[in-house]
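Below is one structure, written out as structure tokens; comments come after it.
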Amino acid sequence: MSVCLKGQRVACVVLVLMLSWVIAPPVWAGGGAFEGAGGPVFISALLDLSEFERSFHNLIEVKGDLEFDGKPIFLMGGGAGFGGNETRFGGMGGGGHWSFIPKGTAEFNRATLELGWGGFLMDQLLIEGNIGALSVGAVIGGGSWTLHVSKDAQGEFGDLVIKPPLYLELHRSFWLAMPYVSAEFRIFDFVGLRIGAGFWLSISLEEWKLPDDRVVPGGPLKAMVFPVFQVMLAFGG
């Protein structure tokens, strides 16, 4: 098992905060759940891209931002906001960007996969106490995958005319459902942490397309199911 040092520091900080609030919440910490809040969201996903790797005939090596127990972890950033009492409504969105190294005699020198998504958020309180709250919820929406494959220009004018540089862009839209369980902890009256875990469920009803919307049949990432973990720095009251 290998996890980068940065990931270890983040995990330790989150664990210490959770334990300190459960054992002895500070007197200056606000109690209960947020009635309205917004802020940045950081998401880690146990995303399986083995099908994506095979679609390149194993000419790329897929690695995540982190690795845990031999499995790649892909990191995403975004934002969220919500408001309400026991039932809270809002939105959440984010995305990620990953580059993969070609190997062997590939005719390209860069492959990049981008993910962008967003949707409507509904959150239902289950338990509310002095140190925070526990809730269940879901994000319903959609997004798209975008693939860039390129080879940089090399040589003089004559070389480029005979063998021009390569650039290919493909995109695929999808529908998304992301149910989750979340715990929130107040740090001050107006700031806290929301820590959640859930599942990403997405399905694409369309094929991959070129920028001019010409259809490219086949290809990976049609239906995806994988665990996700989220940490939100919430500002509100």
Side-chain angles (χ1 to χ4, degrees), residues 40-65 71-80 90-122 138-154 160-180 198-230:
V41 178
F42 306 95
I43 297 175
S44 60
L46 293 174
L47 177 56
D48 182 4
L49 290 180
S50 56
E51 181 194 12
F52 176 78
E53 188 174 39
R54 289 193 300 270
S55 70
F56 275 80
H57 304 285
N58 295 318
L59 289 176
I60 59 172
E61 184 178 7
V62 172
K63 289 186 177 181
D65 299 295
K71 297 180 180 179
I73 299 176
F74 296 86
L75 302 181
M76 293 184 275
M92 180 184 293
H97 180 281
W98 305 285
S99 295
F100 306 110
I101 302 172
K103 56 185 180 180
T105 57
E107 293 295 326
F108 58 93
N109 56 18
R110 187 177 296 108
T112 302
L113 181 65
E114 297 178 3
L115 170 61
W117 58 274
F120 173 76
L121 180 151
M122 184 176 71
V139 176
I140 306 295
S144 67
W145 300 96
T146 303
L147 173 64
H148 302 274
V149 180
S150 61
K151 184 173 184 178
D152 296 337
Q154 298 177 353
L160 297 180
V161 172
I162 296 174
K163 195 172 183 180
L166 168 70
Y167 182 79
L168 172 66
E169 178 180 322
L170 298 168
H171 62 90
R172 181 174 217 169
S173 61
F174 58 81
W175 294 100
L176 164 69
M178 187 168 63
Y180 64 82
F199 280 91
W200 171 289
L201 311 167
S202 65
I203 184 168
S204 177
L205 303 180
E206 299 179 347
E207 300 286 355
W208 286 92
K209 293 182 178 180
L210 293 165
D212 61 3
D213 284 337
R214 281 183 294 168
V215 173
V216 180
L221 309 179
K222 181 177 180 62
M224 303 294 291
V225 179
F226 52 85
V228 291
F229 306 91
Q230 55 179 276

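Keep in mind it's a predicted model, so treat the numbers as computed, not measured. Computation of the quantities below employed the complete heavy-atom set of this structure, encompassing side-chain atoms and omitting hydrogens, waters and symmetry-equivalent molecules. In what follows, residues are counted from 1 in the order of the sequence shown.
Side-chain contact between M76 and W98: present, with at least one pair of heavy atoms (C-beta onward) separated by less than 4.5 Å. Here the side chains of L168 and L210 are in contact, with some heavy-atom distance below 4.5 Å. With contacts defined as side-chain heavy-atom distances shorter than 4.5 Å, the pair L113/F52 qualifies. Side-chain contact check for E114 versus H171: every heavy-atom pair is 4.5 Å or farther apart. Looking only at side-chain heavy atoms (C-beta outward), F100 and R110 stay at 4.5 Å or farther from each other. Counting heavy atoms from C-beta on, the side chains of W145 and L170 never come closer than 4.5 Å. Looking at I60 and I101, their side chains never come closer than 4.5 Å, going by heavy atoms from C-beta outward. A heavy-atom distance below 4.5 Å is not found between the side chains of I73 and D65.
The minimum heavy-atom distance between D48 and S50, with the atom names listed, is OD1-OG, 2.9 Å. Smallest separation of non-hydrogen atoms from V228 and M178: CG2-SD, 3.7 Å. Between Y167 and S150, the shortest heavy-atom contact is CD1-CB, 3.9 Å. Counting all heavy atoms, side chain and backbone alike, G64 lies closest to P72 at N-CB, 3.6 Å.
Two rings, from W200 and W117, have their centers less than 6.0 Å apart. Taking the six-membered ring wherever Trp is involved, the centroid distance between the rings of F199 and Y180 does not fall below 6.0 Å.
If you take CZ on F226 and CG on L201, they are separated by 9.0 Å, rounding to the nearest 0.5 Å. Separating the CH2 atom in W175 from the CD atom in E206 is a distance of 9.5 Å, to the nearest 0.5 Å. The line from CD1 of I140 to CG of L176 is 7.0 Å long, rounded to the nearest 0.5 Å. Atom NZ of K63 sits about 10.5 Å away from atom CD of E53, to the nearest 0.5 Å. Considering CZ of F174 and CE of M224, their distance stands at 9.5 Å, rounded to 0.5 Å. For the atom pair CD1 (I203) and CG (L221), the distance works out to 13.0 Å, reported to the nearest 0.5 Å.
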E207 and K209: CA distance, side-chain angles, deciding distance, salt bridge (Lys or Arg N to Asp or Glu O under 4.0 Å) verdict: CA-CA 6 Å; E207 300 286 355; K209 293 182 178 180; over 6 Å; no
Worked verdict on H97 versus S99 for side chain to side chain contact (heavy atoms under 4.5 Å, CB included): CA-CA 7 Å; H97 180 281; S99 295; 3.9 Å; yes
Side chain to side chain contact (heavy atoms under 4.5 Å, CB included) assessment of L49 paired with F74: CA-CA 10 Å; L49 290 180; F74 296 86; 3.7 Å; yes
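Judged by distance alone, the side chain of R172 and the main-chain N or O of S204 form no donor-acceptor pair under 3.5 Å.
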